[in-house]
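Structure first, commentary second.
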Amino acid sequence: MSGGSTILRKLRAALGAHGVFVRGVVSFGEGEGPLLADGTAARSVILLGNIGGSLWEPFSRWRQLPENTGRADPLDDWSKALILPLAAALGASAYFPSDPPWQPFQRWAMQAEGLKASPLGILIHPQYGLWHGYRGALGFANAVDADAATAHAGHPCDHCVEKPCLSACPVDAVTSAGFDVAGCRSHLATAQGRAGCGAGGCLARNACPIGAAYCYPKAQLAFHMAALHL
Ligand code: B12
């Protein structure tokens, strides 16, 4: 579509200072995309998200404003405050990862960037490792061409012989058999769990050697673990 690069440029200009980046563009065949506000199916989706701890400082500043203290889901609210006005300005429909019905953000990221699932289920990026996430997505009625090739071939975990992620969890909640959510939460409720994963982040995720330089700051690690525990 003409205007695709303009859309991407506008998004980058508006979101970069907030630590949110264009994380890929997905194209859909007719009738295959998520529903737009008008009930028709999107032909393209632009994924928006953080890379490493990029959003933590802008989000923390916003969260300290008097009107934003005491919110139940501050990161979701911040994402919406940032992305919804852009959706309106661009004539797009906005989707958010935690809003039901869950949109397939991970499937979209696999399509857009060729990302692969780590043994933890979280998608692993060849450069950022497990330290990236999605804050929202914009759906468009027309195709939006990606302006840069972003497809990553191969699976980063294939080169990792030890797979320390699969042996780091103190209660074996993270194994090749899947993620035992109840086991993880029970551990987080103990004093040991609070002092370990609760304060310093999921030990299995922290054990991944790929993209370690992009690891979230400690306060962000604790924030995400607190959200998991709720
Ligand atoms: C429900 C949910 C959870 C649940 C259950 C997760 C589970 N493993 O069972 C809970 C609350 C426990 C959870 C926890 C976490 N989650 Co979560 N979660 C989601 C949510 C909202 C829906 C996932 C879903 O069911 N999708 C189903 C369909 C609709 O999506 P899909 O893309 O087609 O499905 C893909 C996934 O299901 C994936 N997948 C899921 N689990 C597994 C496991 C294996 C082994 C494999 C291979 C694939 C896989 O495979 C599908 C590919 O087609 C997504 C956001 C979203 N809308 O996708 C975040 C999301 C998946 N979570 C995310 C994260 C980061 C986490 C945490 C690390 C957060 C934290 N607090 O520390 C933890 C730990 C997760 C873990 N080790 O599994 C990120 C992942 C980002 C990434 N890099 O991939 C997402 C995308 C949210 C975001 N804002 O970015 N999560």
Side-chain angles (χ1 to χ4, degrees), residues 19-21 23-24 26 28 32-35 45 47-56 59 73-80 82-83 94-137 139 152 155-158 163 165-166 168-169 171-189 193 196-208 210-211 214-230:
V20 174
F21 302 98
R23 296 294 318 281
V26 196
F28 300 98
E32 289 172 1
L35 289 186
V45 160
L47 286 167
L48 304 170
N50 62 291
I51 294 171
S54 62
L55 61 70
W56 188 247
F59 164 64
D73 299 304
L75 188 55
D76 292 336
D77 291 352
W78 175 79
S79 306
K80 288 176 185 173
L82 207 56
I83 294 170
Y95 311 101
F96 297 95
S98 304
D99 278 1
W102 290 328
Q103 299 292 341
F105 274 76
Q106 291 186 298
R107 200 188 317 149
W108 289 344
M110 289 170 166
Q111 284 173 245
E113 276 202 289
L115 297 190
K116 310 290 187 299
S118 69
L120 308 183
I122 311 167
L123 300 183
I124 187 154
H125 187 283
Q127 185 178 354
Y128 319 134
L130 302 175
W131 305 110
H132 65 107
Y134 300 91
R135 295 313 333 149
H152 301 288
H155 194 314
C157 303
D158 286 350
K163 298 211 178 352
C165 61
L166 290 177
C169 176
V171 291
D172 291 332
V174 178
T175 65
S176 52
F179 179 42
D180 172 10
V181 181
C184 172
R185 284 187 170 140
S186 303
H187 178 61
L188 286 174
C197 320
C202 168
L203 297 184
R205 195 178 186 186
N206 292 355
C208 177
I210 298 169
Y214 290 87
C215 183
Y216 295 163
K218 199 171 174 199
Q220 185 175 0
L221 292 171
F223 172 86
H224 289 305
M225 292 312 289
L228 184 54
H229 181 39
L230 288 174

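Atoms within each ligand, like the ligands themselves, are counted from 1 in listed order.
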Distance filter under 4.0 Å to A117 heavy atoms, resulting ligand 1 atoms: 47 (C)
Per-atom contacts, ligand 1 versus F105 - under 4.0 Å to a heavy atom: 32 (O), 57 (N), 58 (O)
Donor-acceptor pair, side chain of D76 and main chain of S98, under 3.5 angstrom: no
V20 to R135 - nearest heavy-atom pair and separation: CG2-CG, 4.5 Å
Which segment of F179 sits under 4.0 Å of ligand 1 when only heavy atoms are counted: side chain
Minimum-distance protein heavy atom relative to atom 11 (C) of ligand 1: R185 NH2, 3.9 Å
Location of contacts on Q103 toward ligand 1, heavy atoms closer than 4.0 Å: backbone
Closest approach of A204 to A168 (non-hydrogen atoms, all atoms of both residues): CA-CB, 3.9 Å
Shortest protein heavy-atom distance from atom 90 (O) of ligand 1, along with the residue and atom involved: Y134 N, 2.8 Å
Flag, side chain of Y216 to backbone of A222, donor-acceptor distance under 3.5 Å: no
Protein heavy-atom partner closest to atom 10 (C) of ligand 1 - residue, atom, separation in Å: L228 CD1, 4.2 Å
Candidate with minimal heavy-atom separation from atom 38 (C) of ligand 1, of Q106, R23, R205, R135: Q106
Heavy atom of the protein closest to atom 82 (C) of ligand 1 (residue, atom name, distance): I122 CG2, 3.3 Å
Heavy-atom gap L120 to ligand 1 smaller than 4.0 Å: yes
P97 neighbourhood, listing ligand 1 atoms whose heavy-atom distance to it stays under 4.0 Å: 21 (C), 55 (C), 56 (C), 57 (N), 89 (N)
Atom 44 (C) of ligand 1 [closest protein heavy-atom partner, distance rounded to 0.1 Å]: G121 CA, 3.6 Å
Distance from atom 32 (O) of ligand 1 to nearest protein heavy atom, with residue and atom: R107 N, 2.8 Å
For a quick test of your reading: what N or O donor-acceptor pairs under 3.5 Å do the side chains of residues 116-124 make, sequence neighbours left out?
from	atom 1	to	atom 2	distance (Å)
K116	NZ	G114	O	2.8
K116	NZ	H152	O	3.4
K116	NZ	G154	O	3.4
S118	OG	L120	N	3.2
S118	OG	I122	O	2.6

For atom 30 (O) of ligand 1, the protein heavy atom that lies nearest, with its residue and separation: P104 CA, 3.4 Å
Nearest atoms (heavy-atom pairs only) where Q220 meets L55: NE2-CD1, 3.9 Å
Any N/O pair L123/ligand 1 closer than 3.5 Å: yes
Residue V181 vicinity, atoms of ligand 1 by number, heavy atom under 4.0 Å: 12 (C)
Centroid-centroid distance, W131 to Y128, less than 6.0 Å: no
is_close_aromatic(W108, Y134), centroid dist under 6.0 Å: no
T175 (side chain) donor-acceptor with D172 (main chain) under 3.5 angstrom: no
Protein contact of atom 71 (N) of ligand 1 - nearest heavy atom, named by residue and atom, plus distance: H224 O, 2.8 Å
Residue pair L130 / C208: nearest heavy atoms and the distance that separates them: CD1-CB, 3.7 Å
Under-4.0 Å protein heavy-atom contact, atom 69 (C) of ligand 1: no
